[in-house]
Amino acid sequence: MTLASIEKVPPRTVAEVVVANIVDREGMIDRVEIAGPGYVNFFLKKSYWTSVLKDAAGMGDGYGQADIGEGKSVQVEFLSANPTGPLHIGHGRVAAFGDSLANLLKAAGYNVQKEYYINDVGNQMETLGRSTYIRYKQMFDPGIPFIQDGYKGNYIRDIAQEIITDAKDRYLHLPEEEAIPFFIEYSKNNILNGIRKDLEDFGVLFNNWFSEKSLYDSGEVEGVLKALKEKGYLYESEGALWLNTTLFGDDKDRVLVRSTGQKTYFAPDIAYHQNKFKRGFHLIVDIWGADHHGYEPRMRAGVQCLGYPEKNLKVILVQLVALLREGKPVSMSTRSAEFVTLREVLDEVGKDAARFMFLTRRPDSHLDFDLDLVKKESSENPVYYVEYAHARIVNIFRQAEARGIPEPSLSDVDLSLLDLPEEIKMMKLIALYPEVIESSALALEPHRITFYLQDLATALHNYYFHHRVITEDRRLTEARLILMRGVMQVLRSALAILGIRAPERM
RNA sequence: GCGGCUGUAGCUCAGUAGGAUAGAGCAAGUGACUUCUAAUCACUAGGUCGCAGGUUCGAUUCCUGCCAGCCGCGCCA
């Protein structure tokens with residue numbers, strides 16, 4: 001239809017010319033039809049679909065793996081929540097997204113590294129340590145007032161209690177300035193361990209935990225400042241040191257060193273990105289909460305100031321999660337301790353349902369997470385629909401085995417016996433899977449896998465309800481078992497990308 | 001005020017490199033289990049794709065303006 005306007009002939013005429021010139025070297029085309037205003041529809045022979053099924057059933061986990069990545073290395077940095085409190089539900093969305101994206105890129109042939117950046121420097125660490133310190137002192141003298149901007153969550157009391165169990169009143173007798181560093185370190189480690197545990201139970205394992213403090217210790221922060229100065233991008237004003245980010249499209253210049261002499265968080269962040277580039281990643285993916293979107297232009301500018309190509313930096317913003325309880329919004333703030341933790345969601349809803357929930361939405365869609373609703377729908381949650389499809393197939397194989405029908409070898413099964421529309425439908429979906437992997441990876445959109453899975457599960461349930469795999473006809477049964485093998489293989493592979501289990505029975 | 005994201009069925013959401021009759025789940029209604037698992041299946045109903053212009057043979061998709069919601073706009077992180 002695009003050609004039609006260039007050639008100035010009706011689109012159907014163009015279609016006729018195209019159809020007349022089709023060469024079918026592999027003999028896979030059954031027929032071609034021109035439809036509507038000028039669409040050309042290709043109908044492929046059944047032998048093509050059965051040959052794809054043979055591939056899928058034979059290749060095992062390798063089926064669907066793409067090679068668009070060509071082994072290039074990608075780093076996906078995500079979550080990187082400040083170690084000042086437990087992960088909450090919003091973190092869960094970012095974690096599910098980042099982890100699945102990494103799995104997806106792996107399936108598409110990239111060499112992927114998952115990294116968590118620990119903000120273990122700065123005022124918030126100070127506040128954290130002081131919060132625990134005061135709670136500790138309050139255990140001995142409840143009259144001591146809490147600090148104004150301290151972290152109010154109960155987990156701070158728990159940490160203080162732990163310290164008392166260990167050290168009794170030892171820190172009570174130290175001058176405050178000597179005690180605080182211990183409280184900072186202890187609280188940070190305690191909270192990080194909790195975060196690690198929560199993520200592990202959520203199915204998220206990082207390859208690397210990168211400490212912000214290490215950038216100071218190694219001199220990289222100073223080094224970056226020096227490099228930027230030599231390149232002439234730094235200037236002093238009002239006693240502070242500024243980076244000329246407006247040169248690269250930011251709407252104002254940014255402070256790197258405050259007039260107090262303290263560095264802003266932006267300085268180590270540039271050093272961090274330099275460090276990433278130096279590690280040789282072909283692509284660097286930063287996944288942030290959408291509340292940080294204003295930060296992207298300055299980060300891009302910082303990268304360009306150092307002379308790195310900003311096109312190798314991809315920033316994905318994940319919209320925040322608005323939490324509802326019985327339809328009413330609940331405000332969330334780590335400091336005020338009003339939040340639902342990821343742990344609570346894991347305990348109440350489960351890892352699979354939570355991950356699926358997060359992954360059925362585009363990262364830039366706003367998400368209302370109604371706890372009561374998710375709990376209520378738990379048995380009707382689409383995740384179980386997909387898992388059930390897998391469990392049903394496994395059960396068929398159990399039944400077949402019990403009846404003495406072993407899974408046939410691919411070489412002597414006659415797949416041309418698969419003739420039902422429902423069977424063709426499943427073969428087409430299996431054939432689509434590699435394309436889904438490729439396009440999802442290119443778009444960096446793991447949620448497409450979720451929707452594909454629901455389509456595949458629908459096809460399976462529909463088939464299962466109307467037909468039987470194990471029949472009196474041995475040859476037909478064998479062909480159908482291979483079809484089930486193919487569907488099961490794809491279900492497993494796709495669920496693995498989402499980080500959701502494929503249960504053997506339900 | 002400026003910027004980002006979003007607005008599609010009663011609800012929660014897919015879908016657009018511009019193209020055929022806009023899809024799914026839930027909720028609603030009607031049906032289906034002596035069979036390999038009913039956490040399932042079939043059918044029905046449900047839409048001015050936020051509003052108004054523009055570009056185009058053709059716009060839910062691209063452009064402009066407006067409206068609504070959320071989020072940013074520090075020498076905080």
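Convention: sequence-line order gives letters A, B, ...; per-chain numbering from 1.
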Touch class at under 4.0 angstrom, heavy-atom based, for A:Tyr385 against every strand present: sugar-phosphate
Touch class at under 4.0 angstrom, heavy-atom based, for A:Phe451 against every strand present: sugar-phosphate
Min side-chain heavy-atom separation A:Ile184-A:Glu126 under 4.5 Å: yes
Contacting residues from residues 466-492 of chain A, given that a heavy atom lies under 4.0 angstrom of RNA chain B: A:His466, A:His467, A:Arg468, A:Val469, A:Ile470
Can you pull every protein N or O that's under 3.5 Å from an N or O on nucleotides 67-71 of chain B?
from	atom 1	to	atom 2	distance (Å)
B:rG69	N2	A:His366	NE2	2.9

Heavy-atom donor-acceptor pair, A:Asn41 side-chain to B:rA20 base, under 3.5 Å: yes
Sugar-phosphate only, base, or nothing, as touched by A:Ala391 at under 4.0 Å among non-hydrogen atoms: base
Positions of residues 208-218 of chain A (non-hydrogen atom under 4.0 Å from RNA chain B), listed by number: none
Over all atoms of both residues, closest heavy-atom pair of A:Lys263 and A:Arg258: O-NH2, 3.6 Å
Spacing between A:Leu359 atom CG and B:rA14 atom P, to the nearest angstrom: 12 Å
Sugar-phosphate, base or nothing in reach of A:Ile393, heavy atoms under 4.0 Å: nothing
Touch class at under 4.0 angstrom, heavy-atom based, for A:Tyr464 against every strand present: base
Stacking check A:Phe465 vs B:rU40 (5.5 Å / 30 deg): no
Base B:rA39 paired with A:Tyr388 side chain (donor-acceptor, <3.5 Å): no
Sugar-phosphate, base or nothing in reach of A:Glu238, heavy atoms under 4.0 Å: base
Phosphate OP1/OP2 of B:rA14: any A:Ser365 side-chain N/O under 4.0 Å: yes
Touch class at under 4.0 angstrom, heavy-atom based, for A:Arg448 against every strand present: nothing
Sequence-distant partners of A:Ser80, side-chain contact (heavy atoms from CB on, under 4.5 Å), two or more places apart: A:Glu77, A:Tyr117
Plane angle bin for A:Phe266 and A:Tyr295 - parallel if under 30°, tilted between 30 and 60°, otherwise perpendicular: perpendicular
Secondary-structure string, 5' to 3', Watson-Crick or G-U under 3.5 Å, | for another-strand partners, for RNA chain B: (((((((..((((.....[...)))).(((((.......))))).....(((((..]....))))))))))))....
Distance in angstrom units between A:His461 NE2 and B:rA24 C1', rounded: 14 Å
Selection: residues 248-259 of chain A, any non-hydrogen atom under 4.0 Å of RNA chain B: A:Lys252, A:Val255, A:Arg258, A:Ser259
